[in-house]
Amino acid sequence: MNTNVDEIRLERAPVEAGVIIKLGLDVHAEQITVCRQNGGRLPQPARRCRWPELIVLVKRLKHEGASVYSCYEAGPCGYGLHRELTQLGVTNWVVAPQCWDERGRRVKTDRRDAKELCQRLDRYVGGNLEAFSPVRVPTPEQEQARALGRQRSAVLKERQRCILRGHSLMLMQGVHAPGGWWLAKDWAELGPQLPVWLRAKVGWWQSQAQRFDAEIDALTPQVEALNRGQPTPYGLGALTAAILRTEILDWSRFRNRRQVGSYTGLCPSEYSTGESRRQGAITKHGNPRVRHQLVEAIWRLLIWQPEYPPLQRVRTATGRRARKRAVTAAARRLAVDLWRIHTGQCSAAKLGLKLA
């Protein structure tokens, strides 16, 4: 009972006009844990509240003339809260998730996360841009376009899962089916050869794979249409170009080529100290969907645009490991060149690319 009274007093405590209030938010589907800091004071104990209660608190603070800053981690709750807070006049950031336990205490609670977010927010507002990493918040239209491409990718994974399940069932019974066993033509030949009980079980997975395949055929032209009218290198493909566009949202968001490479996660990791410098595997610290599409595009450009300068190293590489490294470097360079083309910094011809 005392806790509830403290929460009410905390929310109803008056604030001075013009004071800066920072809110660290640990957001969940049913509740939000809020850690509040008034001005330069220490953060107050974190409190739990419902979503509507947070909106009421923010409206009251804004009505009393306070400048409100807030942040929360990107996650399954999306950007609806960000848009609602922004409409109320709050300066909000959606932060890239990370481990906030810097001291390795191995204790994680919602209140600790909210307090850490509040402290990081205080440093970020004070000018320390390394306190956390804000993510790009898409517009509702950009989010809808991106969801379409991600839906196709999810359906593609489900189709592959059905194919592997059916193939595994047959392999357990000593039946070595071809890779395209689930296609209508191949299944018409393979199905009658299976025992009745096995044909029934494998047939269910085959029908599911066929259903997902039909959905992919319906979604593919919708995704490709998202890139209509955009400059696309020959051989890149309308589908790949559309996915890259919807995932990146806006090429002009990057200020230099280093930011482009960092976003793809194709930059080498590094461990350097003193006079020694050692680089390792790529960081993979970025958008995995963009990274996957760029690597796939390099293998296609080897066929359709073999004269593209970064591909020279791929063709001359000997050995699997060296070839893999060359493909990774070429994919990183392709991302930078696409950024230059879409931002008008350089023409495709100067970069050695032919546009479709």
Side-chain angles (χ1 to χ4, degrees), residues 1-138 143 285:
M1 185 65 183
N2 293 335
T3 303
N4 294 335
V5 173
D6 291 342
E7 291 183 8
I8 294 174
R9 289 177 180 174
L10 177 64
E11 294 181 0
R12 293 184 179 178
V15 297
E16 300 177 0
V19 67
I20 297 178
I21 294 182
K22 308 173 190 72
L23 302 176
L25 310 175
D26 189 71
V27 181
H28 293 270
E30 300 296 333
Q31 68 180 25
I32 300 177
T33 304
V34 184
C35 183
R36 172 177 167 180
Q37 181 181 11
N38 295 339
R41 301 177 182 177
L42 293 175
Q44 297 176 358
R47 304 294 183 183
R48 293 180 179 179
C49 67
R50 300 289 181 179
W51 285 51
E53 295 172 0
L54 174 65
I55 301 303
V56 171
L57 172 62
V58 170
K59 287 181 178 179
R60 182 180 65 80
L61 294 175
K62 293 298 296 182
H63 179 72
E64 295 178 358
S67 298
V68 183
Y69 295 83
S70 64
C71 69
Y72 67 91
E73 288 183 282
C77 294
Y79 307 105
L81 179 61
H82 168 82
R83 297 186 181 112
E84 193 168 1
L85 291 174
T86 303
Q87 289 178 357
L88 294 175
V90 178
T91 303
N92 182 76
W93 287 278
V94 182
V95 182
Q98 69 178 73
C99 177
W100 304 109
D101 186 18
E102 293 182 338
R103 298 184 181 180
R105 295 176 177 175
R106 300 178 66 182
V107 178
K108 182 188 185 306
T109 64
D110 294 345
R111 286 186 168 88
R112 282 178 177 266
D113 288 348
K115 181 179 179 181
E116 187 64 33
L117 282 168
C118 185
Q119 292 175 337
R120 296 292 185 102
L121 178 62
D122 181 51
R123 288 149 55 184
Y124 191 87
V125 173
N128 183 3
L129 301 183
E130 300 295 330
F132 54 63
S133 178
V135 303
R136 179 82 171 195
V137 177
E143 192 172 13
H285 184 74

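These numbers come from the heavy atoms of this one structure, side chains and all, not from hydrogens, waters or symmetry mates. What you are looking at is a predicted structure, and each value in this text was computed from that prediction instead of being measured.
- Taking NZ of K115 as the reference point, atom CG of L42 lies at 8.0 Å (rounded to 0.5 Å).
- Under a 4.0 Å N-O distance rule, the pair D113/K108 qualifies as a salt bridge.
- C118 and R36 make their closest contact through SG-C, 4.2 Å (heavy atoms, listed as atom of the first residue, atom of the second, distance).
- By the 4.0 Å N-to-carboxylate-O rule, R47 lies too far from E53 to be salt-bridged with it.
- For residues 28-62, no residue pair satisfies the ring-ring contact (aromatic ring centres under 6.0 Å, His included) rule, not counting sequence neighbours.
- C49 SG to L25 CG: the interatomic distance, rounded to the nearest 0.5 Å, is 8.0 Å.
- Here the CG atom belonging to D110 is positioned 11.5 Å from the CD1 atom belonging to I32, to the nearest 0.5 angstrom.
- A salt bridge links E116 with R120: at least one charged nitrogen is closer than 4.0 Å to a carboxylate oxygen.
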Inset, instruction - Could you walk me through whether R48 and R111 pass the side chain to side chain contact (heavy atoms under 4.5 Å, CB included) test, one step at a time? - result: CA-CA 8 Å; R48 293 180 179 179; R111 286 186 168 88; 4.0 Å; yes
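- Checked against L88 for a side chain to side chain contact (heavy atoms under 4.5 Å, CB included), the options L61, V58, V68 give a single hit: V58.
- A donor-acceptor pair is defined here as one N or O able to donate and one able to accept, closer than 3.5 Å; such a pair exists between the side chain of Q37 and the backbone of R41.
- Checking T91, N38, L117, D122 one by one against K22, the side chain to side chain contact (heavy atoms under 4.5 Å, CB included) holds for a single residue, D122.
- The aromatic rings of Y124 and F132 lie parallel to each other, their planes meeting at an angle below 30°, with 60° marking the opposite boundary.
- Closest non-hydrogen pair, R112 versus V107, comes out as NE-CG1, 3.3 Å.
- From L23, atom CG reaches atom CG of L85 across 8.5 Å, with rounding to the nearest 0.5 Å.
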Legend entry - Stepwise side-chain hydrogen bond (donor to acceptor under 3.5 Å, both in side chains) test for N92 and S70: CA-CA 5 Å; N92 182 76; S70 64; 2.6 Å; yes
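- Heavy atoms only, all atoms of each residue included: H82 and Y72 are closest at N-OH, 3.2 Å.
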